[in-house]
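These notes concern the structure reproduced below.
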Amino acid sequence: MTDHTAKPTQVLVVEDSEADFLLVKRRLSRDGMNVICERVDQYQTLADALDRSPDVILYDFDIPGLDFSDALGLIKRQANQIPVILVSGTVNEDVAAKLLHEGLDDFVLKDNLVRLASTIERALRERTERLGRLAAEDQLRKLAMVVEQSPASIVITDTRPAIEYVNDAFLSSTGYSRDEVMGRNPSLLNTGRTPPSTYQEMWSELKRGKTWRGEFSNTRKDGSAYVEAAVVAPIRQPDGTISHYVAIKDDITAQRESEAMIHRLAFYDPLTNLANRSLLLEALEAAMSNACQTGLHGAIIVLDLDSFRFINDVHGYEMGDRLLCEVGMRLREAVDDNDTVARIGGDQFAIVIAKLSSSVAASIEDTQRLASSLHERLYEPYTLSNGKGQIRHASSLGAYVFNGREGRAEAPLDRAELALQRAKDDGRNLVRLYSPELKAMVEARANTESRLRSAIINKDLELHLQSQFDIEGRLIGAEMLLRWPQPNGEFISPMIFIPLAEATGLILPIGEQVLDQAMSTLLAWQTQPDTRHLKLSVNVSARQFHQPDFVDNLRSRLKRHPVDPSRLVLELTESVVLDDMETTREKMRTIRQLGMGIALDDFGKGYSSLSYLKHLPFDLLKIDRSFVADMLSSESSEAIVRAILAMGHALKLTVIAEGVEVQQQWDLLRRERCGGYQGYLFARPVRLDQWQPRHY
Ligand code: C2E
Ligand code: CA
Ligand code: CA
C-alpha cells in the first residue's frame, strides 16, 4: 500500500500529448499514489530529466522526433535500474512482448489505465528486489574473491566427502593441480602421520554439526611433510541438513620447526646433541617417580674428563670439541636407548639409568659394573684431528643408586657429584659410588680446603730444607719441602695437602710462594762461600708446570732476582709428562736454555717408562725411596736400583737416591757408584731458617 508519509514517487512521463499526461497524472492521484509527475517529449529533455533520478518512467511508444530504441538505450545507459513502463494506445501485445525482451519492464494500454498504479508499484517493488539481489551477488562475488585469494588453504567437500572446491592456496601448499584433487577424498593428503584418533574425533564433532579444530600432519604431492592447523565446519542448508564441509587450514610447519628449535636449544646441548642439565633433571625426576612406583632402583652416574683443559690448551678447541662429541657418542652407545645421557657442563657428563633391580645390592653392583666399563671405554684412544696420532684421556666417575624417595631430583645428582668429587680427590681416573661415609669425607675435605686457602693467604705454609750429599758425604745441595703447621704444633704432610691443592688449583699460589722462597734462599746462598756452590731443588707439580705462562713466569723471576739459574733444579714427577710428551719436551728445553736443571722425581714409582728418560732433557734422576727401602730385603728391588743406576750412567744423568735411612743402604748404593744421596741417615728436613750447610 502507498505510504503517504514517504517521499513522493518521482514519475517521469515521456509523452507528446499534454492531455494524455494529465490523464495519467489524474489517474495516479485518484488511485491514491503520492507522485510528482514530469513530462518530456525530446531526447535532450529526457536526458536532463534522467539526471534528476526519477523512480519510474512511463513511456508513450509513438512520439514524433523521438525514436523509442534510442530513448530506451539512453535510459539503460544513464539510469539502468529505473523501471520503464510502456503506456500506449497503439502497441499490440506481440510488439509489447518484443519490447519487454529489449529491457522494458511492463506495459499498460491507455484504455486500461486502472492497471497503471498497481503496475508502477509492482515495478518499483521488483526494482528494490533486483537491487537487493545485485547487492547480494556483489557480496558473494567479494566473498568468492576472499576465499579464492585467501592465504589459508580452503577446501569444500560434499558429505561423502569428495572435494568440490579448493582455493589457490591449497594448490600451492599441496603441490597438486585442481584436476588431480577434484572429486577425491581430502584424505589423499594423509599418509598416516596424523593419528587415526584425530580423524575419529573430527568426524564425531562434524556429524554432530559441530566445528572441529585441530592439526593435520600431511604430505605434499612431492612427498614432503607439513603440518596444518585446521578448522573444519559443516555447512547447513536452510532446512538444517548438512550438505558440505569446509576446511580452512594454515601451514604451521615453519612455526613448528622454530618451536622444535627452541625446544632443542632449551633442552639439548648443541655441540654433542645430548640432553642438557634441564632435560637431565626432568629425566631424573621421571626415573625417580618410576622407581617409587615399581620398586626398581635407578642410578645416576656423573663423570668428568680429567684435566680436559689441557686438551684445549695443547691441541686447540677444535680437538677439544671433537673429544667431547666422541665421549658423548661412546656413552650413548654404552647405555640403553631409554637411559638419558646428558652433557651438564664443559667436560661433565651424566647418565640416568632408569630401571635396575629391586635389590639395592644388585643395583649397586650393576651400577659399579656399568661405571667401570664406561671408565674403560672412555680411556680407549681418541684420534687427533690433525692426524698426529692418538691420545688417551682419563676420566673420573661418581655414581649414586636411588629408590625415588630422595625428594628433589637434585638430591641424587648432588650425591653422584659428591662421589665424583671423591674420585677426583682420590687422584682422578677412578670410579666412586656414593655412601654416607663418603659424604662425611668429602665434607671434611671441603673443610681442609678452606683452611688451606686461608693458610696460603696468611702465609702459614713453611718451607723446610733437606740436605743432599755426594758419594763422599759432602754437601751438594738441598730440597725444599713444604710443611703446613697446625695449632697443635704438628704438621699436615704435603702428601695430604699437595694432592688437595692440585685438585683445587690452590697449588698455583702455593707454587708461587715456593718459588719466591727459592729465589731469596739462592740469593742468600750466593753471598756465602760455603753455600754459593750448592744446588736448590724445588718440587713442581703437574698443574703448575702445565700453566701456559709457567716458563714466562720463571724467566721474569730470573730477571727480577740476580740468581745463578744453574743453582736451581726443578723436580718433576712422571705425572707431568704422562699425557703430552711433545709439549712437555718443548717446555723443558726452554727451561734448560734458561740455565736451570731438571730432575725426574720418584723414578721407579709410577709407570717408569724408559722413554721419558731417553726423549726428555732431564739432567738428574731421583730413585724413589720405596726402592731404596726394599733394596736390602728384596732382590728384585736391588736389581731395579742397579738397573736404574746403570741406565743413569749410560745417559750421563746424575742419580740421587732418596730415603736413605741406614748405613747398609748407603754402602750398597756407593758400591754401585750412585752419585747423590738424600735421607734421614744424613739429615732430616729442617726449617729453612734453622738449616745449616754441613757435610755428613
Ligand atoms: P718428594 O719430592 O719425593 O720428597 C721427598 C720426601 O721424602 C719428603 O717427604 C721427605 O721428607 C721424605 N724423606 C726424605 N728422606 C727420607 C727418609 O730417609 N725416609 C723417609 N721415609 N722419607 C724421607 P715430604 O716432605 O713429606 O714430602 C712429600 C711429598 O710432597 C714430596 O715428595 C713432594 O712430592 C711433595 N712436596 C713437598 N713439598 C712440595 C712443594 O713445595 N711443591 C710440590 N709440588 N710438592 C711438594
Ligand atoms: Ca722431590
Ligand atoms: Ca721423590
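Just follow the structure's listing: the first ligand is 1, and inside any ligand the first atom is 1.
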Per-atom contacts of ligand 1 with [X], taking only distances under 4.0 Å to non-hydrogen atoms:
X      : value
Pro685 : 11 (O)
Asp602 : 3 (O)
Val660 : 18 (O)
Gly679 : 15 (N), 18 (O)

* **Check: Gln544 N/O within less than 3.5 Å of ligand 1 N/O** => no
* Indicate yes or no: does an N/O atom of Gln678 lie under 3.5 Å from an N/O atom of ligand 1? => no
Which segment of [X] sits under 4.0 Å of ligand 1 when only heavy atoms are counted:
X      : result
Glu658 : side chain
Ser541 : both
Arg483 : side chain
Val514 : side chain
Asp624 : neither

* Aromatic ring centroids of Trp666 and Phe469 under 6.0 Å? -> no
Tell me: protein heavy atom nearest [atom], and distance?
atom                    : value
atom 21 (N) of ligand 1 : Glu661 OE2, 3.1 Å
atom 34 (O) of ligand 1 : Asn539 OD1, 4.6 Å
atom 16 (C) of ligand 1 : Tyr680 CE2, 3.2 Å
atom 27 (O) of ligand 1 : Pro494 CG, 3.3 Å
atom 38 (N) of ligand 1 : Leu482 N, 3.1 Å
atom 29 (C) of ligand 1 : Met495 SD, 3.9 Å
atom 12 (C) of ligand 1 : Arg625 NH1, 3.9 Å
atom 31 (C) of ligand 1 : Leu481 CD2, 4.4 Å

* Heavy-atom protein contact below 4.0 Å for atom 7 (O) of ligand 1 -> yes
* Leaving out waters, which are not shown anyway, how many protein N, O or S atoms lie closer than 3.0 Å to the Ca ion (ligand 3)? -> 4
* Can Trp484 and Ser493 be counted as having a side-chain donor-acceptor contact under 3.5 angstrom? -> no
* Is there a donor in the side chain of Gln468 and an acceptor in the side chain of Glu479, or the other way round, less than 3.5 Å apart? -> no
salt_bridge([X], [Y]) N-O dist < 4.0 Å:
X      : Y      : answer
Arg589 : Glu586 : yes
Glu462 : Arg483 : no
Arg474 : Glu472 : no
Arg671 : Asp667 : no
Arg369 : Glu365 : yes

* **Glu479 atom (N/O/S) at minimal separation from the Ca ion (ligand 2)** => OE2
* Structure fact -> Taken to the nearest 0.5 Å, the spacing of Asp425 CG from Glu449 CD works out to 8.5 Å
* Structure fact -> Partner of Asp304 under salt bridge (charged side-chain N to carboxylate O under 4.0 Å, His left out), picked from Lys424, Arg428, Arg432, is Lys424
* Give me the one residue out of Lys652, Arg592, Lys535 that meets salt bridge (charged side-chain N to carboxylate O under 4.0 Å, His left out) with Asp619. => Arg592
* Are Glu479 and ligand 1 in contact, using a heavy-atom cut-off of under 4.0 Å? -> yes
* **Aromatic ring pairing Phe682/Tyr677, orientation class (parallel under 30°, perpendicular over 60°, tilted between)** => tilted
* Can you label the angle between the Phe550 ring and the Phe545 ring as parallel, tilted or perpendicular, going by 30° and 60°? => tilted
* To do: Step by step, work out the salt bridge (Lys or Arg N to Asp or Glu O under 4.0 Å) result for Arg309 and Asp347.
  => CA-CA 9 Å; Arg309 275 178 321 110; Asp347 59 352; over 6 Å; no
* Dump the intermediate steps for side-chain contact (heavy atoms from CB on, under 4.5 Å) on Met596 and Arg567, then the final yes or no. => CA-CA 7 Å; Met596 295 174 208; Arg567 300 287 126 205; over 6 Å; no
* Let me know which of Asp601, Ile644, Thr654 forms a side chain to side chain contact (heavy atoms under 4.5 Å, CB included) with Leu621. => Ile644
